[in-house]
Amino acid sequence: MAEIAVPVVRNILQANERLASENRRRFDEAGIFVINLMSSPGAGKTSLLEKTIDALAGRIGIAVIEGDLQSSCDAERIQKKGVQAVQINTDGGCHLDGNMIQIALSAIDLTGVDLLIIENVGNLVCPAEFNLGEHEKVTILSVAEGDDKPVKYPLMFQICSVLLVNKIDLLPYTDCDVAKIRQTAKHLNPAGKVFEISCRTGEGFAPWLYWIEEKVREHRKNRTSSPHSDKR
Ligand code: MG
Ligand code: ZN
């Protein structure tokens, strides 16, 4: 049994890579910057989206794909912000994959969209292994989860371009050592950025927003299809 188990897993990942590159081609043609946002449940993915949308609305066209096992609560929260949001229910599945994104894309009007954020299923394990066609992976770790998470779930912290350490307003009530998180993250991913934020108070958002705006500009400029009636 063990002999066939490995090739089967590899085939799944290979098939996913193919779909992810198709998605990526589509994003690049349209000049859309795409983020795959990951964390454990409750770290603040949807709250981050709400605050980020508030800050960037009017300047950047934003769309969101929400991944959850069940319910459409998160997509509803995003729609209240006046932003296109599509909910994927994985029905028990613990991560999103390239095929789910392809299906979700058929329900989104990409005209005028500069930034697409895909909120993955809350899980620090397998979302790290499935590319969706995104340009950058962003991981959120809240200080309430403990500073040992990067050591315990290294892949998630190795592959993200940005690590957001959220809920820093709670630091006085936890034993979390942010310096330790930074140290482990740096060791796992020397080129990665770490921003300390609070989605509740808005503290620390400036560098995060600056990073997004830079990336959006870059991708808009490098779009591979000819821009149609573009006013920007
Ligand atoms: Mg959420
Ligand atoms: Zn999974």
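We use all heavy atoms of the structure for the numbers below, so side chains are in, but hydrogens, waters and symmetry mates are not. For ligands, and for the atoms within them, numbers begin at 1 and follow the listed sequence.
Rounding to 10 degrees, one finds that the Zn ion (ligand 2) sits at the corner of an angle of 120° between Cys126 SG and His95 ND1.
Proximity of Ile65 to Leu132: side-chain heavy atoms (C-beta onward) are nowhere separated by under 4.5 Å. Side-chain contact check for Ile212 versus Thr52: some heavy-atom pair is nearer than 4.5 Å. Counting heavy atoms from C-beta outward, Asn23 and Leu105 have side chains that approach closer than 4.5 Å.
Minimum-distance N/O/S atom of Glu119 relative to the Mg ion (ligand 1): OE2. The N, O or S atom of Asp74 with the smallest distance to the Mg ion (ligand 1) is OD2.
Taking the six-membered ring for Trp and the full ring otherwise, Trp211 and Phe33 have centroids separated by under 6.0 Å.
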